[in-house]
Amino acid sequence: MKKTYPPIYYSDYLHLEKLLTSQSTKSDEYGEHAHDELLFIIVHQAYELWFKLIIHELDSVLNMFREDIVDERNIGIAVARLRRVTAIQKLLIEQLNVLETMTPLDFLEFRDFLIPASGFQSVQFRIIENKLGLNIDNRVKLGNKNYYTMVSDEHQKVLIESEKNVSLFDAVDKWLSRIPFLKIDDFDFWEHYKSAVVQIIENEKQIILNNPSFTDEKREKQLKEFENTKDKFEALLDEDKHNDLMKQGLRRLSYTSTLAALFINLYRDEPILHLPFRFLSYLVNVDELFTTWRYKHALMVHRMIGAKVGTGGSSGHHYLMKTAEEHKVFKDLFDLSTYLIPRSSLPELSDEIKIKLGFNYTYKT
Ligand code: HEM
């Protein structure tokens, strides 16, 4: 027999009574009504609701990747959840436009009532950063203080705890480092990749040396840049160099994981690698959209408060611009494009490997 459930009323289900009475304007409390303060509160509250959903989606992805063995069947679900996160992020970027219908002069009507509150104290925003895996050592400091010293004691505990949990960065690093197809049977992919790269590097050098339109000065400059690219490739093919870069804080992803991520990127067309490729791409998308939000927020802040300090006490838009530049989590995945080589130069995989990377029922030798 079909189970029955008690009827429910729309506004009870959504707790609208609570939700719609949670906008208390300080300007009215002080008897100095400011029309735009309601907009300001609602936009911030809407952000916090979306942050809650982002955390919910990230938690579900983390649960799939935190285990020692990742059930590969979950990668499609993880991709779908990250896609949802990116759809929310696009909305969050757009939402700043609604707030920007308030002019800097209108903001001044109630800004002083807010001191020292600031979005800087958004605990959910920090939890998202920590869940993604923002490197604690790389956080831009605000007046030499740790970010969590700006929130209540209760919130400090939550944030310190959230730093200890496995982040998406850690989980992805571990997952990538276990991917087995870098050396399959007799085929050592990296040996083949190395010779393809040497060939490409040599071609590039010849192009620079033989370009008749270059002046001597320009040629020298181009050759210098070429040497930089060569160095980067060498670091990729040399574990010790990679580990040195890690020590200097210039790389974060382990050597094996970097190679696995590159392999996935290069051979994304192989059926088994396609979903992992999309997963890695969505991580980059999430990072890029947060960076875009940071820039847009910083620009809005500049426009709104000019060169004043923020209500939270920071150097306003200077601090925010710096976080936009330095708070990327999956920078190593962005950097992978340095090592891509054209499809036509990729080492040909043997039929045996192709079978391993394909859906066997469709692959014909
Ligand atoms: C008139 C609108 C806004 C102004 C003038 C403004 C201003 C600022 C300033 C100056 C800071 C730096 C910290 C400080 O000194 O206070 C900051 C940080 C921050 N704001 Fe806003 N903000 C506005 C709207 C928003 C909105 C709608 C959100 C959405 C939740 C938000 C979220 C944040 C976050 C998360 C930070 C910390 C960023 C970081 O440390 O990387 N802000 N804001």
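In each ligand, atom 1 is the first atom listed, and ligand 1 is the first ligand listed.
Within the cation-pi definition used here (under 6.0 Å to the ring centroid, within 45° of the axis), Arg252 qualifies as a partner of Phe169. Taking the centre and axis of the six-membered ring of Tyr147, the NZ or CZ atom of Arg139 falls inside the cone set by 45° and 6.0 Å. Under the 6.0 Å distance and 45° angle rule, Lys26 does not count as a cation-pi partner of Phe110.
At a heavy-atom cutoff of 4.0 Å, ligand 1 is contacted by the side chain of Trp293 but not by its backbone. Here Tyr147 has no heavy atoms under 4.0 Å from ligand 1, in either its backbone or its side chain. With a heavy-atom cut-off of 4.0 Å, Arg126 touches ligand 1 through its side chain alone. Under 4.0 Å from ligand 1, the heavy atoms of Phe125 that appear belong solely to its side chain. Residue contacts with ligand 1, taken as heavy atom pairs separated by less than 4.0 Å, involve Leu99 solely via side-chain atoms from C-beta onward.
Taking the six-membered ring where the residue is Trp, Tyr267 and Phe263 present tilted rings, their angle falling between 30° and 60°.
Protein heavy atom at the shortest distance from atom 10 (C) of ligand 1 is Gly310 CA, 3.4 Å. With hydrogens left out, the protein atom closest to atom 5 (C) of ligand 1 is Phe107 CE2, 3.6 Å, a heavy atom. The protein atom (non-hydrogen) at minimum distance from atom 6 (C) of ligand 1 is Val301 CG2, 3.5 Å. The nearest protein atom to atom 9 (C) of ligand 1, hydrogens excluded, is given as Leu320 CD1, 3.9 Å; this is a heavy-atom distance. Atom 12 (C) of ligand 1 has Ser314 OG, 3.1 Å as its closest protein atom, hydrogens excluded (heavy atom only). Of the protein's non-hydrogen atoms, the one nearest atom 33 (C) of ligand 1 is Gly119 CA, 3.5 Å.
Glu17 and Ser11 share no side-chain donor-acceptor pair at under 3.5 Å. If you check the side chains of Asp173 and Ser254, you find a donor sitting under 3.5 Å from an acceptor. A donor and an acceptor atom, one from each side chain of Ser27 and Glu37, are located under 3.5 Å apart. Between the side chains of Asp170 and Ser167, at least one donor N or O sits under 3.5 Å from an acceptor N or O. Between the side chains of Asn63 and Ser60, not a single donor N or O lies within less than 3.5 Å of an accepting N or O. Side-chain atoms of Lys296 and Asn97 form a donor-acceptor pair, as typed in the model, at a separation below 3.5 Å.
Within the listing of ligand 1, atoms 1 (C) sit less than 4.0 angstrom from a heavy atom of Met102. Distances below 4.0 Å separate heavy atoms of Thr323 from the following atoms of ligand 1: 41 (O). For ligand 1, the atoms sitting less than 4.0 Å from at least one non-hydrogen atom of Phe40 are 1 (C), 2 (C), numbered in the order shown with element in parentheses. With ligand atoms numbered from 1 in the order given, ligand 1 contributes 41 (O) to contacts under 4.0 Å with heavy atoms of Arg294. Residue-ligand proximity, His44 to ligand 1, at heavy-atom distances under 4.0 Å covers atoms 24 (C), 25 (C), 26 (C), 27 (C), 28 (C), 42 (N).
Taking the charged nitrogens against the carboxylate oxygens, Asp287 and Lys331 have no contact shorter than 4.0 Å, which rules out a salt bridge.
For the pair Phe330 and Val286, the minimum side-chain heavy-atom distance is 4.5 Å or more.
Here's the thing with Tyr319: one of its N/O atoms is less than 3.5 angstrom from an N/O atom of ligand 1. Taking any N or O of Ser118, backbone or side chain, at least one lies under 3.5 Å from an N or O belonging to ligand 1.
Between Glu129, His317, His297, it is His297 that holds the heavy atom closest to atom 43 (N) of ligand 1. Taking only non-hydrogen atoms, the option from Met300, Lys322, Arg139 nearest to atom 23 (C) of ligand 1 is Met300.
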